[in-house]
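First comes the structure, then the notes that go with it.
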Amino acid sequence: WMLVRGELQEVRRDLVDAGWRCFFTDYRGGNKWCKVRCVHKSGREVYYEGEWRKKWLRMVIAPNRTVIYFAGAGADLHKVRTYLPPSEFGGVDALVHYDTRDDGSGRRALRLSRAVRMEFSDGRLRTLEGEAGKERIAKTTYPSGVFQEFEGARGEEFIVRQVNPDGMTVHYVGAKGEERVHRVVHPGGHISLFTGDKGSESLHAAICFAEGNGSEGMCSLTTYEGGKGEELRKRKLNTRTGIVQVFTGGDPGLQNNEECNRTLRRDGRLQTREHGLENWVVHQETALSVPAIKRQRVKEKAQALWAELETLSEGPNLKEQALIEMGEHFKALQAAVDECVA
């Protein structure tokens, strides 16, 4: 005990068996309002303030230096913020903000304090969703302007979409830690499809939309083969002409150096040439001149292209008119494909 402002006040209490030592400070007024700091032998610290027999929790410091801040009193006691030290996030500390819901009585209950936002010292901002105790990551925004959107239950969140400042949108598929790039929508509206595991995604198909007056709905679909960084064009459909180009060869280290010596026209006829300097030869296909096995091979290629188109149509924000135009050309291609050769 000590004299505080002329009155004898308790300033320290040792709870030896429980391992606590409590310090009483800042006495005010006749009701003996004060602050209390209790330190446990484990390193945990708990802070209270209020009247002598009505002290309310204000802060808890855990042994790992996590700090939880509280507000309100009695049934209205609730969390407002939590400070997470760098040791929790690999050298970056964070501040968690809470929203405490009304328990129905007009007061905010501590059990209904749910985390809604995390601010990191490196500039990241994380948005959380879900009920108290089940909050999950919904969105993370980076200082560069990039933001990522997540789905999945708490602890199992996986990236589904990333939007870059230039407008590029990257779509992902896969569980947490296994997310791979599936589709990229470029600022101009062009779309790229990828295949392969995380870290080794390769370009599989690309839709490019024509720009300018009179080009509404005009686009091209190009398919690729090859590993990441070594993709080569294999087929390209132009919706304006209805022609399918077939590519061969090419150096994986260069772009657009493949050769096109075969094309399939809108009317289903095949054009070929020996090399790029020769004129195109249009084949007059008949049942006698075209072996059935070759016709079947071309049909399978066309059906594969149609399946790829349907996959693309599953995504949001596609240009519907362009997809309709592509669909009509593919249907015409399928109807004529039996008259073609591979």
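Hydrogens, waters and symmetry mates play no part in the numbers below; they use all other heavy atoms, side chains included.
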Has [X] got a side-chain atom pairing as donor or acceptor with [Y]'s backbone, closer than 3.5 angstrom?
X	Y	result
Glu178	Lys176	no
Glu231	Gly229	yes
Glu157	Gly155	yes
Glu149	Lys139	no
Asn257	Asp251	yes

Under 4.5 Å between any side-chain heavy atoms of [X] and [Y], yes or no?
X	Y	answer
Val184	Met168	yes
Val60	Phe70	yes
His40	Glu45	no
Arg161	Val170	no
Phe120	Leu95	no
Leu128	Met118	yes
Lys198	Glu179	yes
Arg21	Leu15	no

Worksheet entry | Salt bridge flag under 4.0 Å for residues Lys55 and Glu49 |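 Salt bridge flag = no for Glu49 with Lys55.
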
Worksheet item: Does the ring of Tyr47 carry Arg58 above it, NZ/CZ under 6.0 angstrom from centre and within 45° of its axis?
Response: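 Relative to the ring axis of Tyr47, which defines the angle, Arg58 lies outside at least one limit.
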
Worksheet entry | Cation-pi, Tyr27 ring and Lys32 (6.0 angstrom, 45 degrees) | no

Item to complete: List for me each residue that meets disulfide (SG to SG under 2.5 Å) alongside Cys38, sequence neighbours excluded, and say none if there are none.
Response: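 Here the qualifying residues are Cys22.
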
Discussion item. Please enumerate all residues that pass disulfide (SG to SG under 2.5 Å) together with Cys260, with sequence neighbours excluded.
Written reply: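 Residues passing disulfide (SG to SG under 2.5 Å) with Cys260: none at all.
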
Test of understanding: clusters of I, L, V, M, F, W, Y form through side-chain heavy atoms closer than 4.5 Å, transitively. Do [X] and [Y] belong to the same one?
X	Y	answer
Val185	Val181	no
Tyr224	Leu237	no
Val173	Phe194	no

Worksheet item: Under 6.0 Å from the NZ atom of Lys234, do we count more than 12 heavy atoms belonging to anything else shown?
Response: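 Yes - once you tally the heavy atoms of other residues, nucleotides and ligands closer than 6.0 Å, there are more than 12.
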
Discussion item. Assess the residue pair Arg13 and Glu10 against the criterion (salt bridge (Lys or Arg N to Asp or Glu O under 4.0 Å)); give the C-alpha distance rounded to whole Å, side-chain angles, the decisive distance to 0.1 Å, and a yes or no.
Written reply: CA-CA 8 Å; Arg13 181 183 302 181; Glu10 182 178 3; 2.7 Å; yes

Discussion item. Rounded to the nearest 0.5 Å, what separates atom OG in Ser220 from atom NZ in Lys236?
Written reply: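 The OG atom of Ser220 sits 4.5 Å away from the NZ atom of Lys236.
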
Worksheet item: Arg262 and Leu264: side chain to side chain contact (heavy atoms under 4.5 Å, CB included), yes or no, with the steps?
Response: CA-CA 7 Å; Arg262 287 185 296 163; Leu264 192 62; over 6 Å; no

Worksheet item: Do Phe150 and Phe158 make the cut of ring centroids closer than 6.0 angstrom?
Response: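 Between Phe150 and Phe158, the centre distance exceeds or equals 6.0 Å.
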
Worksheet entry | Centroid-centroid under 6.0 Å between Trp52 and Phe24 rings | yes

Practice prompt. Scan Glu259, Glu225, Glu258 and name whichever one has a side chain to side chain contact (heavy atoms under 4.5 Å, CB included) with Phe247.
Written response: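 Between Phe247 and the candidates, side chain to side chain contact (heavy atoms under 4.5 Å, CB included) is satisfied uniquely by Glu258.
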
Discussion item. Any donor-acceptor pair under 3.5 Å linking the side-chain atoms of Tyr142 with those of Gln148?
Written reply: yes

Worksheet item: Do you know the tightest heavy-atom contact between Lys134 and Arg154?
Response: N-NH1, 3.6 Å

Item to complete: Measure across Ser144 and Pro165 and return the closest heavy-atom pair with its distance rounded to 0.1 Å.
Response: O-CG, 3.2 Å

Item to complete: Step by step, work out the side-chain hydrogen bond (donor to acceptor under 3.5 Å, both in side chains) result for His186 and Ser192.
Response: CA-CA 8 Å; His186 301 275; Ser192 300; 2.9 Å; yes

Response to the item:
Contacts of Glu119 meeting salt bridge (charged side-chain N to carboxylate O under 4.0 Å, His left out) (sequence neighbours excluded), chain-then-number -> Arg117

